[in-house]
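Report on one structure; see the data block that follows.
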Amino acid sequence: MKNSLLDSIKGKTIALVYIFEKEEAKGFEHFLVWKDKILTGWLNAIYEIECLPFIIDVRTFMQKASNYSLPHIDYVINLNSGCTKLSTMGLVPSICSFLNIPCIPCDSTAILTTEHKKISNYIALGANLQTPRVLDSMENYGVYRPINLGNSIGIEVGYFQNFNRDGIYQEFIPGYDVTLPLAFNFITKKIDILPPTLYFPETRDENWIYNEKIKENDIGLKRYQFLEIDESTKKEIIEFFKIFGIKTYGRIDARLKCENKLLGTEAEKPFSFKDCFFLEINSMPTIETDDGFDLAFKAVLSNKQHSFYECVHEYINYVKNPTINGFLLATSIISLTTSMC
């Protein structure tokens, strides 16, 4: 039965719909950046699960969709993110919905409610998750996050007077960043949580922040994997994730409050959200080697008691050279196929 699920996705045509990160960049030059960092990973994933790739940029995808000249496509992987404005991020899944083509990882509604940081924070507050206190122009030290964009672009920490920019301005939480990757478990047929990752600087300075510069260079950054997660936290996070109707995968980012420097033993006990503050939910996370998803994918295999162990173990024994992209692609297709039945 397990192998039949993986067998059923073979031979599908999967479109990679990508966008240049910056409109002023020359197309060919910037395509090589995408090809190296993002597209190659997903292209290999398509071959990994023995499917057929169709690579196309957003504008051509729109044009062909409008004049009915697209070839047969079974699924779309939406890479219309990065520096894209929120108002256009839902474009690809909207077209897919009109054409009745399943879009990975989510639909337009999920994008607009998750990527809009004010809305997602209000929903988190309503779900009784701790969120950083919203500051006004009379407050002092805080963190500004723009509503648009991704990849930690535009995050600033400091003193803001007469704050009137389009974004969310919150209190600074001393501590460290935690990411909780979620994905569909084709064994249990439910959304499940992969091992959370704790990000912190080598200095273990609790006043740092994981911003665009650190994310680009990845210098002086360490990571811990939580192999276990508190059951109440697991239930709380999964129920929150379900609010957005995402059936494939996504990520929740949080801030672990810590007034003192890390001891180095934090990940040895089950992860709990009680000392965390919700930051954002990412419905279109970038998937790369050695990121939170990849590390979690590899960490599962060191804990046979983990709820994702059988699922990951089944996948890596089924394909050659398994990767996190291939795993997420396979589980996403199985999830969407199941939900359509």
Side-chain angles (χ1 to χ4, degrees), residues 37-38 41-42 45 77-82 84 86 89 93 103-107 110-117 119-121 123-124 127 129 131 145 149-153 155 176-185 190-200 209-212 214-215 218 221 223-226 229 233-234 236-256 271 273 276-300 306-308 312 323-325 327-329 331-332 335:
K37 296 181 63 177
I38 309 297
W42 284 112
I77 298 175
N78 177 23
L79 298 179
N80 180 29
S81 59
T84 309
L86 183 61
M89 283 182 70
C103 188
I104 298 169
C106 63
D107 61 18
I111 291 174
L112 295 177
T113 52
T114 58
E115 299 292 341
H116 193 299
K117 296 177 180 62
I119 292 177
S120 61
N121 268 260
I123 295 174
L129 295 181
T131 61
R145 291 181 173 84
L149 313 181
N151 300 319
S152 300
I153 294 171
I155 293 179
Y176 309 96
D177 283 22
V178 178
T179 63
L180 292 85
L182 294 96
F184 181 76
N185 185 323
K190 296 178 181 177
I191 289 291
D192 203 350
I193 302 181
L194 287 156
T197 302
L198 175 63
Y199 293 81
F200 64 98
I209 192 162
Y210 194 20
N211 58 21
E212 178 187 3
I214 294 176
K215 188 168 284 190
D218 201 17
L221 187 67
R223 301 168 175 86
Y224 284 151
Q225 296 297 133
F226 291 89
I229 186 168
T233 291
K234 185 174 183 177
E236 180 181 43
I237 295 301
I238 290 175
E239 288 303 312
F240 173 69
F241 192 77
K242 286 180 179 178
I243 293 174
F244 303 93
I246 304 171
K247 299 180 175 65
T248 56
Y249 62 89
R251 193 185 72 226
I252 290 176
D253 297 340
R255 185 79 170 178
L256 176 65
F271 173 77
F273 209 78
C276 287
F277 287 76
F278 171 85
L279 297 181
E280 62 182 277
I281 176 170
N282 193 333
S283 59
M284 296 176 64
T286 300
I287 309 299
E288 296 181 78
T289 303
D290 294 329
D291 70 357
F293 269 97
D294 186 37
L295 294 174
F297 175 66
K298 296 170 181 174
V300 164
H306 196 282
S307 55
F308 246 116
V312 172
T323 65
I324 181 60
N325 294 71
F327 176 75
L328 291 178
L329 180 54
T331 56
S332 295
S335 174

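Count residues from 1 along the sequence.
Note: Phe327 and Phe297 have tilted aromatic rings, judged against thresholds of 30 and 60 degrees for the angle between ring planes.
Phe240 is listed as a side-chain neighbour of Ile252, based on a closest heavy-atom distance under 4.5 Å. In this structure, Glu115 and Asn282 have side chains that are in contact, with non-hydrogen atoms separated by less than 4.5 Å. For the pair Leu182 and Ile246, the minimum side-chain heavy-atom distance is 4.5 Å or more. Leu194 places a side-chain heavy atom less than 4.5 Å from the side chain of Val300. The shortest side-chain heavy-atom distance between Tyr249 and Ile287 falls under the 4.5 Å cut-off. The shortest distance between side-chain heavy atoms of Phe293 and Asn325 does not fall below 4.5 Å. The side-chain heavy atoms of Leu279 and Arg145, taken from C-beta on, include a pair separated by under 4.5 Å.
No donor-acceptor pair under 3.5 Å is formed between the side chain of Thr131 and the backbone N or O of Asn121. Counting only distance, with no hydrogens or angles, the side chain of Asp290 and the backbone of Leu295 share no donor-acceptor pair below 3.5 Å. Looking only at distances, no side-chain donor or acceptor of Tyr224 sits under 3.5 Å from a matching main-chain atom of Phe200.
Remark: Phe273 CZ to Ile229 CD1 distance equals 9.5 Å, nearest 0.5 Å. To the nearest 0.5 Å, atom OG1 of residue Thr113 and atom CD1 of residue Ile119 are 7.0 Å apart. Put simply, NE2 on His306 and CD1 on Ile193 are 8.5 Å apart, with the number rounded to the nearest 0.5 Å. Taken from CG in Asp192 to CZ in Phe184, the straight-line distance is 10.5 Å, to the nearest 0.5 Å. Of the inter-residue distances, the one linking Asp291 atom CG with Thr179 atom OG1 reads 8.0 Å to the nearest 0.5 angstrom. Distance check: Cys276 SG to Asp177 CG gives 10.0 Å after rounding to the nearest 0.5 Å.
Shortest non-hydrogen contact noted between Phe271 and Leu180 is CE2-CD2, 3.6 Å. The heavy-atom pair separating Arg223 from Tyr199 by the smallest distance is NE-CE2, 3.3 Å. When all heavy atoms of Asn78 and Pro105 are compared, the pair lying nearest together is O-CD, 4.3 Å. Gly292 approaches Pro181 most closely through the heavy-atom pair O-CG, 4.4 Å. What you find for Asp294 and Glu288 is that their closest heavy atoms are CB-O, 3.6 Å. What you find for Lys117 and Glu280 is that their closest heavy atoms are CE-OE2, 3.7 Å.
Scored by the side-chain hydrogen bond (donor to acceptor under 3.5 Å, both in side chains) test, Gln225 finds Thr197 as partners (sequence neighbours excluded).
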Any chance you could lay out the side chain to side chain contact (heavy atoms under 4.5 Å, CB included) test for Arg251 and Ile281, step after step, and finish with the verdict? CA-CA 6 Å; Arg251 193 185 72 226; Ile281 176 170; over 6 Å; no
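Checked options Thr248, Asp107, Thr114; the residue passing with Ser283 is Thr114 (criterion: side chain to side chain donor-acceptor pair (under 3.5 Å)).
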